[in-house]
Protein chains: 2
Amino acid sequence: MAQPRFQRRKEDRPQEISDAAFEVFAAKGYAAARVDEVAKRAGVSKGLLYLYFKTKEELFKAVIKSVVTRRVDALLIAVDETELSSEAFMRGPLLEFMKQIPRSPVAVVIRLLIAEGQRHPDLVDYYWDNVVSKGLKAISRFVERGIERGEFRKTALKELPQLVVAPTMLSMIWRILFTQRELDTDKLMDTHIEMILAYIKA
Amino acid sequence: MAQPRFQRRKEDRPQEISDAAFEVFAAKGYAAARVDEVAKRAGVSKGLLYLYFKTKEELFKAVIKSVVTRRVDALLIAVDETELSSEAFMRGPLLEFMKQIPRSPVAVVIRLLIAEGQRHPDLVDYYWDNVVSKGLKAISRFVERGIERGEFRKTALKELPQLVVAPTMLSMIWRILFTQRELDTDKLMDTHIEMILAYIKA
DNA sequence: ATAGTTAATGACCGCTTGGTCAGCAAGCTC
DNA sequence: GAGCTTGCTGACCAAGCGGTCATTAACTAT
């Protein structure tokens, strides 16, 4: 039938391998993930994988970085460009954002970082610079702007943007550990936003 | 000199090995932890380790369980026996509890569970039954009692005890990932308790 | 002392797995 | 279609590691 044994697709391979690797790392964690399985899942020989990625560790880092999407950037832009009142923004786009995160691949990345972060400090730094630091600053700016506009009281929340996203964090961990136990993430976020507003509204 | 090559100390060995294992697991995670290193750190041969623990996995489970101390039970009892007003209890013992947890070995256990939980569902179940479930119920009961006494308004918080401990969770994750970056855990908890009270006080 | 019991040792084994490389063949050029 | 480049394969290797067991020696009873 002259079915060729393989095709040469230099352009697509790295992404395909990276996608497969994400699945395997997500399912097994770093140490228990087998390079052979990644290759198999990508429909590729192990040799080829090592042509595109020098080591298993480099593959891991590439995968993590590739998932750090522009999700956070979207929020940053929304904060700066919104014409909503601060309260309406919190009840709308911000709330929606917080509800979405725990369902997204970000949760998987968090798990991998928690598990393997100690051994890959540069990965943690990367995540800090590109996600955490940016996100927290955006929240701080948002709160500050609310105060300047007279919509919010002056509270410690400005220096503690972590407090705003704490339930998001909890929800992510919950899903990682207790997938089968119930947690009404949406209600959690709704109530949390209500609570913050009750505390800071001018 | 007749210095004996070793002593027989049947009673103490398991705990010594378990302690050493905790250190190694904490530092390396499950998969990267070496049984040889645990034995070495416990000042014991690998063979002896396998006399007291059948497999590496059983050792891991024993370690996790041994750290699930009565910390939570202490809180439960405090809730039931306190003579403080609900508000005073939140500002006092509860707040203190939330501040302490992130600094305790519980944080390490959480990390190990997040990393390895998927592969050891019975461990997760154990942790759920002995820590999470109990703790959340205690918080729910506490909130409910506050409502009955007329100290608190009736809010969704009763069904969302997770919201109370969310910053504790975040603080733990923060310490695990971003040890060197600053986070004023105490201020975070203070503000959070203030916020909750502002929301639920009758 | 002596014999018996068992806590403790550490050399050893087999398997797993990350990583290599000599060779093969897809596809391009002329 | 001959020849060349290079994407791709998969058998192979060395190291590391969990787990075993024959042997040793610390302790006990008599």
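Below, all heavy atoms of this structure are taken into account, side chains as well, without hydrogens, waters or symmetry copies. Chain letters run A, B, ... following the sequence lines, proteins first and then strands; every chain starts at 1.
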Report task. Please determine if a side-chain N or O atom of A/Arg13 lies less than 4.0 Å away from the OP1 or OP2 oxygen of D/dC8. Result -> yes
Query - Between C1' of D/dC8 and CG of A/Asp12, the distance in whole Å - result: 15 Å
Query - Salt bridge B/Asp186-B/Arg103, side-chain N to carboxylate O under 4.0 Å - result: yes
**Report entry** Nearest-angstrom distance from the residue atom CD of A/Glu58 to P of C/dG18
**Finding:** 16 Å
**Report entry** Pairwise 5' ranking along DNA chain D for B/Leu48 and B/Gln7, keeping only the more 5' one
**Finding:** B/Leu48
Query raised in the report: Is the distance from OP1 or OP2 of D/dG18 to the nearest side-chain N or O of B/Lys56 less than 4.0 Å?
Result: yes
Report task. Answer yes or no: does a side-chain N or O of B/Tyr52 lie under 4.0 Å from OP1 or OP2 of C/dA8? Result -> yes
**Report entry** Nucleotide D/dG18, atom C1' - distance to CD of B/Glu57 in whole Å
**Finding:** 13 Å
Query raised in the report: Atom CG of A/Leu51 and atom P of C/dT20: how far apart are they, to the nearest Å?
Result: 12 Å
Report task. Would you check if A/Glu144 and A/Phe152 make a side-chain contact, meaning some heavy-atom pair closer than 4.5 Å? Result -> no
Query - Phosphate contact (D/dG10 OP1 or OP2) by A/Lys46 side-chain N/O below 4.0 Å - result: no
Report task. Can you figure out which of C/dT9, C/dG19, D/dG10 approaches the side chain of A/Ser45 most closely? Result -> D/dG10
Report summary line: note: B/Arg8, atom CZ; D/dA25, atom P; distance rounded to Å ~ 13 Å
Report task. Taking the six-membered ring of B/Trp128 (Phe, Tyr or Trp), confirm whether the NZ or CZ of A/Arg181 is under 6.0 Å from its centre and within 45° of its axis. Result -> yes
Query - Gap between atoms CZ and C1', on B/Phe53 and C/dA8 respectively (whole Å) - result: 15 Å
Report task. Apply salt bridge (Lys or Arg N to Asp or Glu O under 4.0 Å) to the pair B/Lys187 and A/Glu159, showing each step before the final yes or no. Result -> CA-CA 10 Å; B/Lys187 195 174 175 190; A/Glu159 289 91 42; 3.7 Å; yes
Report task. Working to the nearest 0.5 Å, report the span between CG of B/Leu112 and OH of B/Tyr127. Result -> 10.5 Å
Query raised in the report: Could you go step by step and tell me if A/Tyr199 and B/Tyr199 meet the ring pair (Phe, Tyr, Trp, His ring centres under 6.0 Å) rule?
Result: CA-CA 7 Å; A/Tyr199 182 60; B/Tyr199 181 59; over 10 Å; no
Query raised in the report: Does any residue of residues 25-43 of chain B have a heavy atom under 4.0 Å from DNA chain D, and if so, which ones, in number order?
Result: B/Ala33, B/Arg34, B/Val35
Report task. Can you tell me the distance, in whole Å, between the CD1 atom of B/Ile17 and the C1' atom of C/dA8? Result -> 10 Å
Query raised in the report: If each of B/Lys54 and A/Arg9 is mapped to the nucleotide of DNA chain D with the nearest heavy atom, which maps nearer the 5' terminus, i.e. the 5' end?
Result: A/Arg9
Query - Note, A/Val38 side chain near A/Lys46 side chain (heavy atom, < 4.5 Å) - result: no
Query raised in the report: Atom CG of A/Leu49 and atom P of D/dG7: how far apart are they, to the nearest Å?
Result: 15 Å
